[in-house]
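See structure below.
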Amino acid sequence: MEFAAAPTVAGPAGTLEELTISVGGHRHSALAAGPESGEFVLLLHGWPEFADAWTEQLHALGEAGYRAVAVDQRGYAREARPGQVEDYGIDLLVGDALAFADSQGAERFHLVSRDWGSMVAWTLATTHPHRLRSLTALGTPHPAALQQAIAIDDGQAHDLGYVRFFRHTAGKAEKFLLRDDAAQLRAVYDRRIPVEILERTVARLSEPGALTATLNWYRGATNDVYHVPAGRITVPTLYLWGSEDPYLGQSAAELTVHHIDAEYRFQIIEGATQWMAMETPDEVIALLLDHIHRH
C-alpha cells in the first residue's frame with residue numbers, strides 16, 4: 001500500500017490536504033489536516049456521504065496538533081468501486097480501515113466513525129483492540145445492542161425498513177433514490193447538512209455505478225439488518241446519539257453500555273439527528289477532543 005499527497009485545497013474554514021491512499025489495487029481519495037508528526041486520527045464516514053462530511057472535525061483535530069485523515073471508503077472513491085456484492089463484506093471493510101492507518105505509519109490510532117463507518121469501527125475494535133487508542137461512534141449503537149432493540153422494540157424494527165429495501169431491491173432502490181433529480185436521495189439529508197456538501201454529494205452519487213457501490217455495503221452483509229460480528233469492546237469509547245435520529249432509537253443507544261468493558265461515555269446530542277457532525281459541529285468537536293486528549 002502507498003499514499004500520495006496532492007496540493008492543499010482551500011475551503012471556507014482554511015485548507016485541507018487532498019491525499020490518495022492505495023490499498024489492494026484500489027485508490028482512495030482522502031482529506032487530511034494537522035502535522036504528520038501528530039497522533040493519528042482516522043475518520044470513517046457513513047452512508048450516503050464522503051470524507052468531506054468530517055470537514056469541521058478535520059480542521060479542529062488538525063489545529064489541536066493531531067494528524068487527522070478522513071477517507072472516501074470502498075465504493076465511494078471513484079477508483080475503489082469493485083463490482084461484486086461480496087467485495088463489500090465487513091471483514092474487507094475492516095481490512096481497508098487498518099490499511100488506511102498502516103499507510104500513514106500509525107501502529108496505534110484514534111478511530112472516529114458514523115453510521116456504516118461505525119459498524120466497521122465497532123468490529124475493528126472487537127478484532128484489533130491493540131491497534132486503537134480510542135473509539136468514537138456517532139449515531140450507530142453497538143451492533144449487538146441494536147439487535148437487542150430490534151427484538152424488543154417494534155418501532156426500531158420498523159424504522160430500519162429502508163435497510164431491507166436497499167438489501168433486497170437492487171436496481172429498484174437506485175432508481176427510486178435518483179429519480180426526479182435525486183429527490184428521494186436529497187430527502188435523506190432532511191435539509192440538515194450544508195448546501196455545498198449536499199450538492200457535491202448528490203453529484204458524486206449520481207455518477208454511473210456510484211450509488212450501487214455504496215448500497216453494496218448493505219447488500220454485502222451476511223446476516224440480518226445491521227448484523228456484524230462485533231463483540232466486547234475493551235478500548236476507551238465515546239458514543240454520541242442524536243435525540244432526533246429517525247432511524248436509530250434510544251433503546252439501542254442505551255443498551256450499548258452493556259457491551260463496553262472499558263472507560264465509556266454516552267452523550268445525547270439534543271435536537272440532532274444522524275448528521276450531528278455537520279448539524280452541531282461545535283458540540284461534537286468539544287466532546288471528541290476531550291475524549292481523544294485523555295487517551
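With Glu254 contributing its side chain and Ser251 its backbone, the two residues share no donor-acceptor pair below 3.5 Å. Of the possible polar contacts, none joining the Thr127 side chain to the Ala125 backbone as a donor-acceptor pair under 3.5 Å is found. With hydrogens and angles ignored, the 3.5 Å screen pairs no side-chain donor or acceptor of Gln267 with any backbone N or O of Leu287. The backbone N or O of Ala183 lies less than 3.5 Å from no partner atom in the side chain of Asp180, so there is not a single donor-acceptor pair. Between the side chain of Arg81 and the backbone N or O of Tyr76, at least one donor-acceptor pair lies under 3.5 Å. Side-chain atoms of Arg74 come within 3.5 Å of backbone N or O of Asp87 as a donor-acceptor pair. Between the side chain of Glu283 and the main chain of Met276, no donor-acceptor pair closer than 3.5 Å is present. Thr212 places no side-chain N or O within 3.5 Å of a backbone atom of Gly209 that could act as its donor or acceptor partner. Proximity of a side-chain donor or acceptor of Thr126 to a complementary backbone N or O of Trp122 within less than 3.5 Å is detected. No side-chain donor-acceptor contact under 3.5 Å links Glu263 to the backbone of Pro236.
The ring-ring contact (aromatic ring centres under 6.0 Å, His included) test applied to Phe109 returns no partner, not counting sequence neighbours. In this structure His291 satisfies the ring-ring contact (aromatic ring centres under 6.0 Å, His included) test together with His295, sequence neighbours excluded. Among residues two or more places apart in sequence or in another chain, the ring-ring contact (aromatic ring centres under 6.0 Å, His included) test is passed with Tyr264 by none. Under the rule for a side-chain contact (heavy atoms from CB on, under 4.5 Å), the partners of Pro48 that lie at least two apart in sequence or sit in another chain are Leu185, Val188, Tyr189, Leu205, Trp275. With sequence neighbours excluded, no residue satisfies ring-ring contact (aromatic ring centres under 6.0 Å, His included) with His258. Every side-chain contact (heavy atoms from CB on, under 4.5 Å) that Ala277 has, sequence neighbours left out, goes to Trp54, Gln57, Leu138.
If you chain together hydrophobic residues whose side chains sit under 4.5 Å apart, Met278 and Val202 fall into the same group. Linking ILVMFWY side-chain heavy atoms closer than 4.5 Å, directly or via other members, places Ile152 and Leu146 in two distinct hydrophobic clusters. In this structure, Ile193 is a member of the same hydrophobic cluster as Leu177, with clusters built from ILVMFWY side-chain heavy atoms closer than 4.5 Å.
A side-chain donor from one of Thr273 and Glu279 sits under 3.5 Å from a side-chain acceptor of the other. At a cut-off of 3.5 Å, with distance as the only test, a side-chain donor of Glu39 or His110 sits close to an acceptor on the other residue. Using a 3.5 Å distance cut-off with no hydrogens or angles, the side chains of Arg67 and Gln104 do not pair a donor with an acceptor. Ser118 and Thr140 share no side-chain donor-acceptor pair at under 3.5 Å. In summary, the side chains of Arg186 and Gln184 do not present any donor paired with an acceptor at a separation below 3.5 Å, with no hydrogens or angles considered.
Using a 30° and 60° split on the angle between ring planes, His259 and His142 fall in the parallel class, below 30°.
At a threshold of 4.0 Å, the pair Arg200-Asp52 counts as salt-bridged, since one of the basic side-chain nitrogens sits closer than that to a carboxylate oxygen. In summary, Asp72 and Arg78 do not engage in a salt bridge, as defined by a charged side-chain N under 4.0 Å from a carboxylate O. A salt bridge between Glu86 and Arg219 is absent, with no side-chain N of the basic residue lying under 4.0 Å from a carboxylate O of the acidic one.
Here OG1 of Thr234 is found 9.5 Å from CD1 of Ile260. Values are rounded to the nearest 0.5 Å. Note that the OH atom of Tyr88 and the OG1 atom of Thr214 stand 8.5 Å from one another [nearest 0.5 Å]. The CD atom of Gln147 sits 12.0 Å away from atom CG of Leu255, with the distance rounded to the nearest 0.5 Å. With rounding to the nearest 0.5 Å, the separation of CG in Asp91 from CG in Leu124 is 12.0 Å. For the atom pair Leu31 CG and Glu17 CD, the distance stands at 10.0 Å (nearest 0.5 Å). Between atom CG of residue Leu19 and atom NE2 of residue His28 there is a gap of 13.0 Å, rounded to the nearest 0.5 Å.
Contact between Ala252 and Ala149 at its shortest, heavy atoms only, is CB-CB, 3.6 Å. Residue Arg131 comes nearest to Asp102 through the heavy atom pair NH2-OD1, 2.7 Å, listed as atom of the first residue, atom of the second, then distance. The shortest non-hydrogen separation linking Leu238 to Leu240 is CD1-CD2, 3.7 Å. Here the closest heavy-atom approach between residue Ser134 and residue Ile292 is recorded as OG-CG1, 4.1 Å. Taking both residues in full, the closest heavy atoms of Ala97 and Leu42 are given as O-CD2, 3.5 Å, listed atom of the first, atom of the second, then distance. Contact detail for Pro229 and Ile90: the closest heavy-atom pair is CD-CG2, 3.8 Å.
Counting heavy-atom neighbours within 6.0 Å of His130 NE2, excluding the residue itself, gives a total above 12.
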**Q.** Verdict with reasoning, Trp47 to Phe166, per ring pair (Phe, Tyr, Trp, His ring centres under 6.0 Å)
**A.** CA-CA 12 Å; Trp47 187 89; Phe166 290 168; 4.9 Å; yes
Q.
Could you go through Tyr66 and His293, starting from their C-alpha distance and side-chain angles, then the distance that decides it, and tell me whether this counts as ring pair (Phe, Tyr, Trp, His ring centres under 6.0 Å)?
A. CA-CA 10 Å; Tyr66 296 99; His293 281 333; 5.6 Å; yes
